[in-house]
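The next block holds one structure in the form of structure tokens; read it before the comments.
Starting from 1, each residue takes its place in the sequence as its number. Computation of the quantities below employed the complete heavy-atom set of this structure, encompassing side-chain atoms and omitting hydrogens, waters and symmetry-equivalent molecules.
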Amino acid sequence: MRLSEDRFVALVEEAVAGLPTWVRDTLDNVEVFVDDEPADGRPLLGLYEGVPLSARGGNYSGVLPDRITLFAGPIRRQSGGDEARLRAIVQHTVAHEIAHHFGIDDDRLLEIDAY
């Protein structure tokens with residue numbers, strides 16, 4: 001089953017909306033995007049690019065928003081065509097990339113068993 005791009009984006013929006021209120025309220029200067037595939041061919045489901053909240057100081061101003069990109073192709077392939085699995089992968093990937101926005105790196109996510 002191949003979901004439309006609009007349906008995939010709706011699942012991403014649903015995942016962001018489903019984050020705890022305190023998380024949504026704390027997000028600052030970050031935008032979420034959907035792309036088909038990682039540009040460099042890496043096997044990524046998502047990518048955070050920016051300055052994590054934990055690294056922002058008093059001089060943080062006038063910068064472009066952080067970017068969280070979800071890659072539809074790899075996520076679709078990992079879901080195996082199962083929409084419930086796809087939804088779960090999207091939710092997990094959104095939470096993972098939001099964790100990076102908060103300054104939590106992959107080692108810490110492994111340590112707290114968030115994978």
Exercise for the section: Consider only side-chain heavy atoms of I, L, V, M, F, W and Y, link residues closer than 4.5 Å, and tell whether Phe102 and Val32 are in one cluster. Expected result: yes
Practice task
Mind checking salt bridge (Lys or Arg N to Asp or Glu O under 4.0 Å) for Glu13 and listing every partner two or more places apart, or none if nothing turns up?
Solution key: none
Handout entry: Interatomic distance, Asp36 atom CG to Thr69 atom OG1 [nearest 0.5 angstrom]
Key = 11.5 Å
Anything under 3.5 Å between a donor and an acceptor, one on a side chain of residues 19-26, the other on a protein residue two or more places apart or in another chain? List them.
from	atom 1	to	atom 2	distance (Å)
Arg24	NH1	Ala17	O	3.0
Arg24	NH1	Leu19	O	2.3
Thr26	OG1	Trp22	O	2.5

Problem - Side chain proximity check, Glu14 to Leu11, heavy atoms < 4.5 angstrom - result: yes
Problem - Non-neighbouring partners of Glu37 that pass salt bridge (Lys or Arg N to Asp or Glu O under 4.0 Å), sequence neighbours left out - result: Arg77
Practice task
Would you check if Asp106 and His100 make a side-chain contact, meaning some heavy-atom pair closer than 4.5 Å?
Solution key: yes
Practice task
May I ask you to check whether His92 and His96 show a side-chain donor-acceptor distance below 3.5 Å?
Solution key: no
Practice task
Scan Leu70, Ile75, Thr93 and name whichever one has a side chain to side chain contact (heavy atoms under 4.5 Å, CB included) with Val12.
Solution key: Leu70
Exercise for the section: Indicate if Leu86 and Ile68 have the same hydrophobic cluster label, given that clusters are the connected sets of ILVMFWY residues with side-chain heavy-atom separations under 4.5 angstrom. Expected result: yes
Exercise for the section: Could you tell me which non-hydrogen atom of Arg87 sits nearest to which non-hydrogen atom of Arg7, and how far apart they are? Expected result: NH2-NH2, 3.0 Å
Practice task
Check whether any side-chain heavy atom of Leu109 sits under 4.5 Å from a side-chain heavy atom of Ile104, and report yes or no.
Solution key: yes
Exercise for the section: Could I get the full list of side chain to side chain contact (heavy atoms under 4.5 Å, CB included) partners for Ala95, not counting sequence neighbours? Expected result: none
What side-chain donor-acceptor pairs closer than 3.5 Å can you find for residues 45-56, not counting sequence neighbours?
from	atom 1	to	atom 2	distance (Å)
Tyr48	OH	Val51	N	3.4
Tyr48	OH	Val51	O	3.2
Tyr48	OH	Asp66	OD2	2.4
Arg56	NE	Val51	O	2.9
Arg56	NH1	Asp28	O	3.0
Arg56	NH1	Asp28	OD2	2.9
Arg56	NH2	Asp28	O	3.2
Arg56	NH2	Val51	O	3.1
Arg56	NH2	Tyr60	OH	3.3
Arg56	NH2	Asp66	OD1	3.4
Arg56	NH2	Asp66	OD2	2.8

Problem - Val90 with Leu44, same ILVMFWY side-chain cluster at under 4.5 Å - result: no
Exercise for the section: Please round to the nearest 0.5 Å and tell me the distance separating atom CD of Glu97 and atom NE2 of His101. Expected result: 12.0 Å
Problem - Set of residues satisfying salt bridge (Lys or Arg N to Asp or Glu O under 4.0 Å) with respect to Asp40, sequence neighbours excluded - result: Arg42
Practice task
Side-chain contact test, heavy atoms from C-beta onward, threshold under 4.5 Å: evaluate it for Pro65 versus Val30 and give yes or no.
Solution key: no
